[in-house]
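Since this is a predicted model, take the numbers as computed values, not measurements. Every number for a ligand or one of its atoms is a count from 1 in the order of the listing.
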Amino acid sequence: MKFVLVFVGCFLATSYGDDPYIINDKYFPDSFLFGTATASYQVEGAWNEDGKGENIWDRLTHTRPELIADRGNGDIACDSYHKYKEDIALLKGLGRFANQVNDAGVAYYKNLIKELKDNGIEPMVTIFHWDTPQPIHEAGGFTSEFVVDYFGDYARLVYRLFGDDVKYWLTFNEPKQICHEGYGDAQKAPAIVSPGIGEYLCTHNVLKAHARAYHIYDEEFRATQKGQVSIVIDTPWYEPNSFSIADAEAAERKRQFVFGWYANPIFNGDYPEIMKARIAMRSELEGFSSSRLPKFTKDEIAYIKGTYDYLGLNSYSSYLVAAVPEPTIGNPSWEDDTGAPEFQDPSWEGAASHWVKLTPWGMRKLLRWIKATYNDPAIIITENGYSDNGTYGDDSIRQRYYQTFLSNIRDAMEFDKVNVFGYTVWSLLDNMEWMMGYTEKFGLHHVDFNSPNRTRTEKPSAQYYRKVVNTHCLVDSCVNE
Ligand code: BGC
């Protein structure tokens, strides 16, 4: 589970003329939600306490530690399972959160949600953030359709247990990372290598499982609990490398293969046409008897379409895309299916994580594109953030990252009329950064992983974020729109 804790130039000229680095001085609306996010495996620890079952990250980090940058694991992590009250105090100071029902686990989340609400903090809960129970994985995991029923049952249980206190639900966090990285190229647990096949099977079941969880809420809980349900889809912004039509087409193709893969079935119905056409074409040339991309039936398309009340968007950075000749036919892969490799400009200022660059202009372009392509949904940015490598004494660049990204979000709201209703920083605490272990740190708070107490210390950028949360203003003084 994950809980979001919500408080009540481009080197190519942008086509709409504004300078993305001039900070917007309009207030965010009073109703705008600010928050920070964490995820259970990354912060909780207590990996085998109180009857908690083993998940795929426990198995991966214990049996194949060489795959993790510093051989780290989430056994203790930030010890938030024991220190959640302290973490909520940090949050308040600033102005997310197994096959038998585990009573101690339920009690932990009930206490956590109560403590949040007692402190005037709105919980936004993601039902699944990558920690598949190991037995479910061994039975086939997300490549098997049985997970749809299991996920539906699990969602029903969490709605029943916690739904009276949770108004914002998210079914899955970042399905592309679950499927492409987990079942395609082994960049994340369960580290299955099945490029061009595994990730499409996984996605098919994740989309059906998401829709099942949405409909269960709709039919059984919405009338009494009055909440909203959606999914978190992640994407960088893909900018064409030049003004050529070929580069523009390649960038749009990449957006469809990354974001449209999930958003199109949910918002418009079925996989994007360009994906269906390209994967069918390459599958045939590779000798497959049918497309590697599974097909939805008409009934399934109708069942999945419209399963959102809003959109959770994770976005951290931008990439460039240039047209290339059709990749040669060989072993199947999602990358070759896209026919649109990505790269970044070496002059872009970057974070400790090689893929995070200070490209705030991409956020506004992305928001405009989503509005135009997916029927103008209400959007909450569920993750956006900047990593250091442990040297956080002066993290003014992280402050600049928040300020310039938020400014482009405010610009998109003001000038492009994009309906953004909230923003949450990744992350409240430095934590277990998956394959990178504890070598890349996104926290507003430093955590001393060498101290038994896992001591938390505020980073300077937290002071800026506190000011923004309290004043809804990015600069010294703001004006109303
Ligand atoms: C994930 C987080 C992760 C963060 C930074 C997002 O992709 O949801 O779990 O820690 O980005 O990599």
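Sorted by first then second residue, the salt bridge (charged side-chain N to carboxylate O under 4.0 Å, His left out) pairs that include residues 179-191, not counting sequence neighbours, are Glu181-Lys188.
Nearest residue to atom 6 (C) of ligand 1 from Gln42, Glu440, Lys176, Glu383 is Glu383 (criterion: closest heavy atom).
Ligand-side atoms of ligand 1 in range of Asn173: 8 (O), range being under 4.0 angstrom from any heavy atom. Interface atoms of ligand 1 facing Glu174, defined by a heavy-atom separation under 4.0 Å, are 1 (C), 6 (C), 7 (O), 8 (O). Annotation for ligand 1: atoms under 4.0 Å from non-hydrogen atoms of Tyr316 are 4 (C), 5 (C), 6 (C), 11 (O). Here is the list of ligand 1 atoms found below 4.0 Å of a heavy atom in Trp130: 1 (C).
Heavy-atom minimum distance, Gln256 versus Met275: O-SD, 3.8 Å.
Within the 4.0 Å heavy-atom criterion, the part of His129 lying near ligand 1 is the side chain and not the backbone. When heavy-atom distances to ligand 1 are checked against a 4.0 Å cut-off, Trp355 comes that close only through its side chain, counted from C-beta outward.
The distance criterion of under 3.5 Å between nitrogen or oxygen atoms is met by Glu433 with respect to ligand 1.
Side chain to side chain, Asp337 and Ser333 fail the donor-acceptor criterion of an N or O pair below 3.5 Å. If you check the side chains of Gln228 and Asp309, you find no donor sitting under 3.5 Å from an acceptor.
Met432 pairs with exactly one of Asp75, Val43, Ile76, Ile68 by the side-chain contact (heavy atoms from CB on, under 4.5 Å) rule, that one being Ile68.
In this structure, the ring-ring contact (aromatic ring centres under 6.0 Å, His included) partners of Tyr401, at least two apart in sequence or on a different chain, are Tyr386, Phe405.
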